[in-house]
Protein chains: 2
Amino acid sequence: MFEQIFIIHLYIQILYMQQLEDILKTKQPMPLSRKTVLNVFHLNSIIKDKLLLSLKPYDLSIEQFNVLRILRGQKGQPVNLQDIQDRMINKMSNTTRLVDKLIIKGYVERFVCENNRRKVEIFITETGLKLLKNLDPVVDETEKSITAALNAEELKILNTLINKLK
Amino acid sequence: MFEQIFIIHLYIQILYMQQLEDILKTKQPMPLSRKTVLNVFHLNSIIKDKLLLSLKPYDLSIEQFNVLRILRGQKGQPVNLQDIQDRMINKMSNTTRLVDKLIIKGYVERFVCENNRRKVEIFITETGLKLLKNLDPVVDETEKSITAALNAEELKILNTLINKLK
DNA sequence: TGTTAAATCTTGTTTGAACAGATATTCATC
DNA sequence: GATGAATATCTGTTCAAACAAGATTTAACA
């Protein structure tokens, strides 16, 4: 956890400031806190839809895809279910069944951990790695198109503000 | 849709810049676009959980609550299902059943539109209005606590950036 | 006017999420 | 080493979301 101070001079064109009010067709102005919450929900929904559209041809949910990326990041080192749950973006109750589906599709394997037989160790398979390799450019492209409206500096500011909220 | 130019001088303390990397335990740095997407997902998940917790005592989902707020905003004017769908933050496929649940709970009523019998007009009931009145301070408080880490200027910037992405 | 298309809502089915309870293994303590 | 608590995962059930097809009413128009 670092502590730095950035000084940023930001010139922003406020083009679509009324978007949310347009959708909701509210007459009176909303508190800034509510507007922010609703805007985050709305943006999340838009991004989710776009990503899902990219993953649809591969029959993967966003969560399944993220788990595969987590496993790849391990580079062969074992991960147990708890680890996966901790690293998932949307906390889920049943990671077991998510992994089940990835096993059925042949993208991951599950072994009982010999050191601690309560745990299960999960690995990504060659098939899983190959799938990710195919998906990488697709998802990269989608993510870039999603964030295309902001330049690097603006994105950094956005991430900073989000991190302060979390 | 207005067009204005704001000049904002922003001094931001970057305190938790590494949060996402901490969770995912990734070694190599992520592209800024991916980081942004994951950060939005993560923030959305956190906010959703907090709001759900506030609504839980009232046995309302976030979507149900938002629909009630939309109906209240109409001040007695009829809204049909299509209108509601258009104004919902997360586009849903079956608004019918969402409204069904609100009817069962006695918060809204449904009538066939006489001018166009394909449409159904939906109104909020007195019970629904009373519920919202109870919920207002609770949700306001939650929303404020969610956004408490940012001051008004930062929130405005955040909303502007989000709007540019949408 | 009769046929077809469009708009609007509903229903059926399949899949995913949430929650609680069950199972299996390990750890701590006596 | 027997017992109860803690850890880690799995399973059952219930409820919500996604998707597609169906039903009803209106509009278009030859």
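Values reported hereafter were calculated over all heavy atoms of this structure, with side chains retained and with hydrogens, waters and symmetry mates removed. Chain naming here is simple, since letters A, B, ... match the order of the sequence lines and numbering starts at 1 in each. Bear in mind the structure is a predicted one, so any value in this text is a computation, not a measurement.
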Applying side chain to side chain contact (heavy atoms under 4.5 Å, CB included) to A/D140 and B/R34, what does each step give before you reach the verdict?
CA-CA 7 Å; A/D140 278 1; B/R34 174 168 310 166; 2.5 Å; yes
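Each of B/I89, B/T147, B/I162 was checked for a side-chain contact (heavy atoms from CB on, under 4.5 Å) with A/V40, and the lone residue meeting it is B/I162.
Residue A/K133 comes nearest to A/R72 through the heavy atom pair N-NH1, 4.5 Å, listed as atom of the first residue, atom of the second, then distance. Here the shortest heavy-atom pairing between B/F65 and B/L132 reads CE1-CD2, 3.5 Å. Between A/R117 and A/V112 the shortest heavy-atom distance is O-CG1, 3.7 Å.
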Summary of protein contacts for nucleotides 6-12 of chain C, nucleotide by nucleotide, where a base hit scores B, a sugar-phosphate-only hit scores S (4.0 Å, heavy atoms):
BBSSBBB
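Here CD1 of A/I84 is found 11.5 Å from CG of A/N66. Values are rounded to the nearest 0.5 Å.
Summarising the local packing, NZ of B/K105 is surrounded by more than 12 heavy atoms from other residues, nucleotides or ligands at distances under 6.0 Å.
Nearest-nucleotide assignment on DNA chain C puts the 5′-proximal partner with A/M92, out of A/M92 and A/N115.
If you take CD of B/E114 and C1' of D/dT24, they are 14 Å apart, rounded to a whole angstrom.
Residues from residues 44-66 of chain B lying near DNA chain C, meaning a heavy-atom separation below 4.0 Å, are B/K56 in numerical order.
Within the 4.5 Å cutoff, side-chain heavy atoms of A/L38 are placed close to those of B/R69.
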